[in-house]
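Quick notes on the structure that follows.
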Amino acid sequence: MPTDTPASPAPSPHRRRDAQGASRGVYARAADPECSLPGGRLLEEIRAELRRAPDPGPATRDDLAGRAATWAAGERQRFSALLGQADDDGTRDALVRRAALACAPLALMSGAWLQWLSSPATADEPVALRVLTLYADDVGAGHPGASRGSAYLALLRRLLLSEHAVPAARLALDQRIDDAAFRLPGLLLAMSRRPEDFRPEILGADLCLRHAGTPPALALVRDALPGTIDWPAVDPAAARAEGGPTGLDRARTAVDALLADDPEAEPRVIAGLAWALDALRTWSAALLAELDASRDPAYDMAELMRLRAREGAVYHHDFAVEGRSLSAWLTECRTDPAPLLGVLSRSRLVKPGRSAASPLVNGLVSERGPMFRVFAPEDLTVIRRWIDSLPADGSGAAAATPVPDVEPLRLPSLDTAPADRGRAPADLREAYWMLLNRAGTPALRGWAVDYVRGWLARSRHGIDRVDTLPGAWNPAGLRPWLAEQHDLHGQEFAEGREAPPAGRAELIDSTVQLAPLTLIDGSWLQGFTDYEQAASEIGFSLFETYWDELGNGEERLNHPLIYREVLAEMDVKLPPTGSREFSRWSGFRESSFELPVYWLCVGRFPRTFLPEVLGLNLAMELSGVGGSYRRARIALKSHGFSTRFVDIHNTIDNVSSGHSAWAADAVDTYMAGVPLSGGPGGRDEVWTRVRVGYRSLNPPAGFLARQAARRAARTSVKEHRHV
């Protein structure tokens, strides 16, 4: 509505709703695959956020789930109707782009809150296996770039909106996205980093999101671009394969498994569901109002001007408009864009209703103009649309429509160093027990880094004098070398085939001493359950390997459970792996924890120690194929024990299409992207790190090697103190 003194338009959403960027800060921090969130006060702050949801009363889980589905269906209709009200292609395009960006923080990480709900402590528990089955579906296990988030990334790329989308933590830098869009996924990701504290709430929230399905605002985008992407892949409730279980079915199964194991968790599941539903409703209502307001070109223009006002104010002190410098108008624009829009609409820079004739988007921004490249192409589209909407009689700029506020996340402890760093493990057994779970204290994290560095220093000692991986990586890849190693394993087996198998007592003892290692099978890869790692070009096969080690969610194929069956045949019954009693069990020797603790430590750092993990993974998967697994089979069979554990490993670890082949391919994929240049970060240095990781499965134990480890540990401690 024209006015001589325009009312103040709504400030740009991300500035108004979350002045300190708290919600996007939580999102960025929690999206880091090596994120370690403190306990203590932060946990209570998260619980306080969960309690912000209105009390659902006596509603059951099914009641709330039904409300989520009904609400989402109605909300989708409202967003679709909004698109139908768009009166031109420019408005439709603006609505589509805004909706796609607004949904990006949630949709790019769809299912990521489940990423740490399996751990070495729970690797053989039904609940963890049901959740891992659901999660493997979300990340598209076995294929790179096949996660639900990857499907959404294809949409952003189609719309040319993906500049900040990879990795997801960079999304927090995209100022086109309202801070409110980060609130729901930010808290979910934060909870995912403390899975032992919030498992029921996470599964309740996940159930809500599955019942709601595709974020309602995307109905508008889908209506406009129906065949652009794989829309069922974006829908967390849908099946990933035709005729297969749906995401919603799998989520229900996971919650049922949790409540069968712990019926008292039901109120916490309901609390998570209620919070997620309230957060969805609040965010969606504000987004609907924002999109409705953005149909008015003045809304987009006000937001753009406010975004660019700070930098622009530096340059325009000598350009006067209506008695004031443009710099003064721009300075005022940072808090109230309306006056600037008014003076621009009346200035000689703008021809109301005729953007093609307006200097602001023509001569001034041309190659020879003083504002060349000041505005991006999408910015110029916003400005032209606003100019064309102005009344031709010059009666002035209309005010933009206010939209609802959305509360930011309030997790101040996330950005402060914890007062209590916790304590480091007293010995290897305690370290094993503490490292079995995903979360930990700063002291435990520092201890784990020191342990890895010391172990790798041992592994690096004298590496050029031993036969490990080739001295240099060949661009032809590792498959030929892998075949040679398999031939050697076969030859060694043939040469020693007539040797008598180990005695019964010796066999039982070795099987028992390997239990701390074998019952956490795959734990060196636990970092690759992280959402973006699990779907990456390098990490997808590492996640699939981890998924295989745990039996693809099936108890009968779960490697820790199969190993326990062998132990039971030997009359050995161990405490649960995740219990303190397991690590303190008197039948284990201290040395039996050295390698398992290394696995548990290095698995926490999938980026910091990526080359070493790739080398270790190759060594581990190749270690028994064709040789030691076959010898172990003979020994087990000779004493009447099941050979199933070694049989299954000898097949799935094969060098043609199994874990060994995947491990070699992951190394090759990684190395192909490393620059040829020498020095830090160059191919030679990185390849040495891979070789060290390969050797770290069986590092030297001599005096000089252990001295190297001690020196590395002392250096690491000094670095921690400096930090």
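Predicted model only: the values in this text are computed from it and were never measured.
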(request) Find the distance between SG (C333) and CE (M305) and round it off to the nearest 0.5 Å. (result) 7.0 Å
(message) Please determine whether a side-chain nitrogen of the Lys or Arg among R306 and E303 lies less than 4.0 Å from a carboxylate oxygen of the Asp or Glu.
(response) no
(request) Mark yes or no for whether R97, through its side chain, and L159, through its backbone, hold a donor-acceptor pair below 3.5 Å. (result) yes
(request) Please answer whether the main-chain N or O of S413 pairs with a side-chain N or O of E45 as donor and acceptor at a distance below 3.5 Å. (result) yes
(message) Check this for me: does any side-chain nitrogen of one of R210 and D138 sit under 4.0 Å from a carboxylate oxygen of the other?
(response) yes
(message) Is it the case that the side chain of N362 and the backbone of S358 share a donor-acceptor pair, with hydrogens and angles ignored and the cut-off at 3.5 Å?
(response) yes
(request) Verify the neighbour count for atom CZ of R310: are there more than 12 heavy atoms of other residues, nucleotides or ligands below 6.0 Å? (result) no
(message) Quick check against the 3.5 Å criterion: does Q533 have a side-chain atom that pairs as donor or acceptor with the backbone of P33?
(response) no
(request) Rounded to the nearest 0.5 Å, what's the gap from CH2 on W329 to OG on S347? Could you check? (result) 11.0 Å
(message) Using a 6.0 Å cut-off, check whether atom NE2 of H143 has over 12 heavy atoms from anything other than its own residue.
(response) no
(message) With rounding to the nearest 0.5 angstrom, report the CG to CZ distance, L106 to R183.
(response) 13.5 Å
(request) May I ask you to decide if A356's main-chain N or O and R384's side chain share a donor-acceptor pair within less than 3.5 Å? (result) no
(request) Output yes when a side-chain donor or acceptor of R98 lies under 3.5 Å from a complementary backbone atom of S294, and no otherwise. (result) no
(message) In the structure I gave you, are the side-chain heavy atoms of P606 and D530 within less than 4.5 Å of one another anywhere?
(response) no
(request) Report the residues that fulfil side chain to side chain contact (heavy atoms under 4.5 Å, CB included) with R281, sequence neighbours left out, ordered by chain and then residue number. (result) R67, W71, L277
(request) Please check if the side chain of R78 supplies one atom and the backbone of A285 the other of a donor-acceptor pair under 3.5 Å. (result) no
(request) For the residue pair Q115 and R193, establish whether any side-chain heavy-atom pair is separated by less than 4.5 Å. (result) yes
(request) Would you mind reporting whether P167 and R170 have side-chain heavy atoms less than 4.5 Å apart? (result) yes
(message) Just so I know, are the side chains of L187 and V26 near enough to count as touching, which here means a heavy-atom distance under 4.5 Å?
(response) no
(request) Could you verify whether a donor N or O on one side chain and an acceptor N or O on the other, from S147 and S150, lie under 3.5 Å apart? (result) yes
(request) Classify the angle between the aromatic ring planes of F543 and Y135 as parallel (below 30°), tilted (30 to 60°) or perpendicular (above 60°). (result) perpendicular
(message) Distance check, rounded to the nearest 0.5 Å: L542 atom CG versus I538 atom CD1?
(response) 8.5 Å
(message) Between S36 and R445, do the side chains contain a donor N or O and an acceptor N or O under 3.5 Å apart?
(response) no
(request) Taking side chain to side chain contact (heavy atoms under 4.5 Å, CB included) as the test, write out the residues that go with R385, two or more places apart. (result) T91, A94, P297, D300
(message) Within the 4.5 Å heavy-atom criterion, are M191 and E49 side-chain neighbours or not?
(response) no
(request) Kindly write out the residues that satisfy side chain to side chain donor-acceptor pair (under 3.5 Å) with R607, not counting sequence neighbours, or none if the list is empty. (result) D32
(message) Donor-acceptor check, side chain of R308 to backbone of D379, threshold 3.5 angstrom: yes or no?
(response) no
(message) Can you confirm whether R158 is buried at CZ, in the sense that more than 12 heavy atoms of other residues, nucleotides or ligands lie under 6.0 Å from that atom?
(response) no
(message) Quick check on Q77: does its CD atom have over 12 non-hydrogen neighbours (other residues, nucleotides or ligands) under 6.0 Å away?
(response) no
(request) Please check if the side chain of D235 supplies one atom and the backbone of G213 the other of a donor-acceptor pair under 3.5 Å. (result) no
(message) Please tell me whether T669 and E537 have a donor and an acceptor in their side chains that are separated by less than 3.5 angstrom.
(response) no
(message) Just to verify, what does F182 make a ring-ring contact (aromatic ring centres under 6.0 Å, His included) with, not counting sequence neighbours?
(response) Y27
(request) Using ring-ring contact (aromatic ring centres under 6.0 Å, His included) as the criterion, list what pairs up with F605, not counting sequence neighbours. (result) F609
(request) Inspect the contact between R240 and D230 and indicate whether a charged nitrogen and a carboxylate oxygen are less than 4.0 angstrom apart. (result) no
(message) Can a side-chain donor-acceptor contact be found between D179 and S23 if the only test is distance below 3.5 angstrom?
(response) no
(message) The criterion is ring-ring contact (aromatic ring centres under 6.0 Å, His included); which residues satisfy it with F528, sequence neighbours excluded?
(response) none
(message) Under a 3.5 Å distance rule, please check whether S192 uses its side chain to pair with a backbone N or O of W113 as donor and acceptor.
(response) no
(message) Let me confirm one number: the CG-CZ distance from L341 to R346, rounded to the nearest 0.5 Å.
(response) 10.0 Å
(request) Decide yes or no for V365 and V374: does some side-chain heavy atom of the first lie under 4.5 Å from some side-chain heavy atom of the second? (result) no
(message) For W275, does the six-membered ring have the charged nitrogen or CZ of R52 within the cation-pi criterion, i.e. under 6.0 angstrom from the centroid and within 45° of the normal?
(response) no
(request) To the nearest 0.5 Å, tell me how far R222 CZ sits from I229 CD1. (result) 8.5 Å
